[in-house]
Amino acid sequence: MPETRNWRFSLDFEGIGWLTIDTPEAPVNTLSRQAIVELETLVMRFEDLIATGELLGVVLLSGKESGFIAGADITEFDNMTDHATLTAALARAHSLFDRIENLKVPFVCGIHGFCLGGGLELALASHYRVAVNDDKTRLGFPEVNLGLFPGFGGTGRSIRQAGPVDAMQLMLTGRMIRAGQARGMGLVDKLVRHRDQLRWEGRKAVLTGKRSSPAPWAKRMMGNRFVRPQLATRMRAEVRKKARPEHYPAPYALIELFEKHGGNWRDMIKGEAERFVPLMATDTAKNLRRVFFLSEGLKKQGLRGADKPMFRRVHVIGAGIMGGDIAAWCALRGLGVTLQDLDMERIKPALDRAKELFKKRLRKPVEVQNAIARLEADVTGKGIARADVIIEAVVEKLDIKRQVFAEVEARARPDAMLATNTSSIELERIAEGMQTPSRLIGLHFFNPVAQLPLVEVIRSSFNTDRDIAMGASFALAIGKSPVVVKSAPGFLVNRVLMPYMLGAVERVEKGESKELIDAAAVAFGMPMGPIELMDTVGLDVGASVAHELGHEVPEDSRFATLVSNKNLGRKAGQGFYKWEKGKAVKAETPAHADLAGLGRELVKPLVDTTVKVVDEGIVASRELADIGVILGTGFAPFLGGPMRARLDGKA
Ligand code: COA
């Protein structure tokens, strides 16, 4: 057998070839160029062994705990933007996958953990797929998040197996699905409960000559030439709700490929490279790769290996919207939580909201029941003494917060982490009265907690690197993305958002159309316009953050009048907009010659403030500022963040 670094192979006495992928020195398996070249030489050898009757079938498994294959190696993409190099690399992968598909004996994949992108494409080129039906197994095509679509034949083969509707949805959304769902779609042929059953099932599949069947006729017919144009139109409309073609060309290129060739999976594969290659060199793809690696980098802020802390119990003080939702989120993520407030009446609404969240996010009733049981109301604060982490989310009043921490410090375990969710009070001022001020860090969550991934980990001048790494570890443990920010008014996100939102409000005060302003910001690439955002956040909240940051709202302004009349935005049904069924009622947007240009103008204060925040050392690097602002404000990911966009002359 040829020497390979990424693969191990052995042939057993039954004639079954056991192939293991194990990318060297990496936590996940990837299909690097080297891995592809090595697999080529192996497949060539398989063909010889099949010809002599020595090899009856191949079972491919992963040698890693983390999963099967996480796709092509993204670290190589920056060197693959050249048209000729990429075309050649794709042709090579296509021909390899075709050869696997054409092997005269079964090639079976045993899948556990992540099976993504190129990994799923390889699995689809094999003859039979067995997957572990557990919480960790996830299959999907995340390429769209990198400004691409599947390029190793996955477009055609997923359509062949799952039919165009399911396959296109998977590719267009980048969603990861569980093994059971993949089985239902036809992407997987057999489910097992445990990883150690994969070998046995793989062996059985080889010995009985198992072959997967394509999608049934009823599913496939959705790809015929009469249905396809309508389907493509619907898909375009669906994608357009989330992404504009000028910002995110990949999903549109994929739909075009489908519209042209979706009736025949082989033609679809043939047309794949031609549309894929130009995408790789786009600024969008380059920036989305950057965003991927920046958000991966956030994971390194936590403690790792033997130092990695275990968080089991959290105590949250304050059952308002933020405190209640933080408690619910922690319980959803498997932690035991006590939620404290003055009386049951104040805690009950938070428990009700938590129940709704659990029902929405958890699949089985027993999981919902367990989550409900993990979240306990605690009027006396008995949970303080047991908790690993104590988070305060009471009203933004310094004396009350100080009082809370005096009590907490007296009752908490000496090793417990103490955190405040303050959005406006300097940490040093809260910590001043504590016996050990270095114990207090900030964990600034964003509303709605269940939807927004960012947690600003706030560092006071008392904290050590380890205190902050513990805070980041906690955020990671509950599935959030931590960005470390120095304690300074508005931290990062509120500080950059405020001048942008207030600038837009000022323009509306002066008579500009709010619809035009919002449309321009969206045309620039923001997920929502600044006026709609102000209404969504709540005008009272906006006014109070503005005040904290030293921006005064003029008393005779429309903004001030709306606040004093309790027209507080979405939650009140009226703000700058009237709100019906959770949606802003908008008048027609006036025409404008350069909508995106106007958007750039509107976003400028946000970008300029991000530069200031970096210069002032409030965040440690431009990269952290970029990813923090993207995660916290939704700032156009395809531009790579405000600092990157400015550097590129795009903002
Ligand atoms: N190419 C290169 N590196 C990859 C990779 C890929 N396809 N997928 C993961 N990695 C790297 C990560 O960058 C990280 O590197 P680091 O430790 O140096 O930071 C490491 O593998 C571990 O990944 P991590 O994200 O910490 O593990 P996780 O369990 O939290 O998540 C994945 C695993 C696979 C879900 C996640 O890494 C992911 O989404 N990967 C990208 C998948 C993808 O887009 N594939 C299609 C490529 S076209």
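Ligands are counted one by one from 1 in listed order, and the atoms in each one are counted from 1 as well.
- Residue pairs satisfying the salt bridge (charged side-chain N to carboxylate O under 4.0 Å, His left out) criterion with at least one member in residues 166-182, sequence neighbours excluded, are listed as follows: Asp135-Arg178, Asp166-Lys219.
- No donor-acceptor distance shorter than 3.5 angstrom exists from the side chain of His444 to the backbone of Val457, with no hydrogens or angles considered.
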Less than 3.5 Å apart, N/O on ligand 1 and N/O on the protein: could you list those pairs with the distances?
{"unit_1": "ligand 1", "atom_1": "1 (N)", "unit_2": "Ala72", "atom_2": "O", "d": "3.4"}
{"unit_1": "ligand 1", "atom_1": "1 (N)", "unit_2": "Ile74", "atom_2": "N", "d": "2.9"}
{"unit_1": "ligand 1", "atom_1": "7 (N)", "unit_2": "Ala70", "atom_2": "O", "d": "3.0"}
{"unit_1": "ligand 1", "atom_1": "7 (N)", "unit_2": "Ala72", "atom_2": "O", "d": "2.9"}
{"unit_1": "ligand 1", "atom_1": "13 (O)", "unit_2": "Glu296", "atom_2": "OE1", "d": "3.4"}
{"unit_1": "ligand 1", "atom_1": "19 (O)", "unit_2": "Lys300", "atom_2": "NZ", "d": "2.7"}
{"unit_1": "ligand 1", "atom_1": "23 (O)", "unit_2": "Glu296", "atom_2": "OE1", "d": "3.4"}
{"unit_1": "ligand 1", "atom_1": "25 (O)", "unit_2": "Glu296", "atom_2": "OE1", "d": "2.4"}
{"unit_1": "ligand 1", "atom_1": "25 (O)", "unit_2": "Glu296", "atom_2": "OE2", "d": "2.9"}
{"unit_1": "ligand 1", "atom_1": "25 (O)", "unit_2": "Lys299", "atom_2": "NZ", "d": "2.6"}
{"unit_1": "ligand 1", "atom_1": "30 (O)", "unit_2": "Lys299", "atom_2": "NZ", "d": "2.8"}
{"unit_1": "ligand 1", "atom_1": "45 (N)", "unit_2": "Ala70", "atom_2": "O", "d": "3.0"}

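- The heavy-atom pair separating Arg622 from Leu647 by the smallest distance is NH1-CD1, 4.1 Å.
- Arg99 is linked by a side-chain contact (heavy atoms from CB on, under 4.5 Å) to Val43, Met44, Glu47, counting only residues two or more places apart in sequence or in another chain.
- Using a 4.0 Å cut-off between charged side-chain N and carboxylate O, Arg289 and Asp78 make a salt bridge.
- Qualifying side-chain contact (heavy atoms from CB on, under 4.5 Å) partners for Val368, counting only residues two or more places apart in sequence or in other chains: Phe358, Lys359, Leu362, Ile372.
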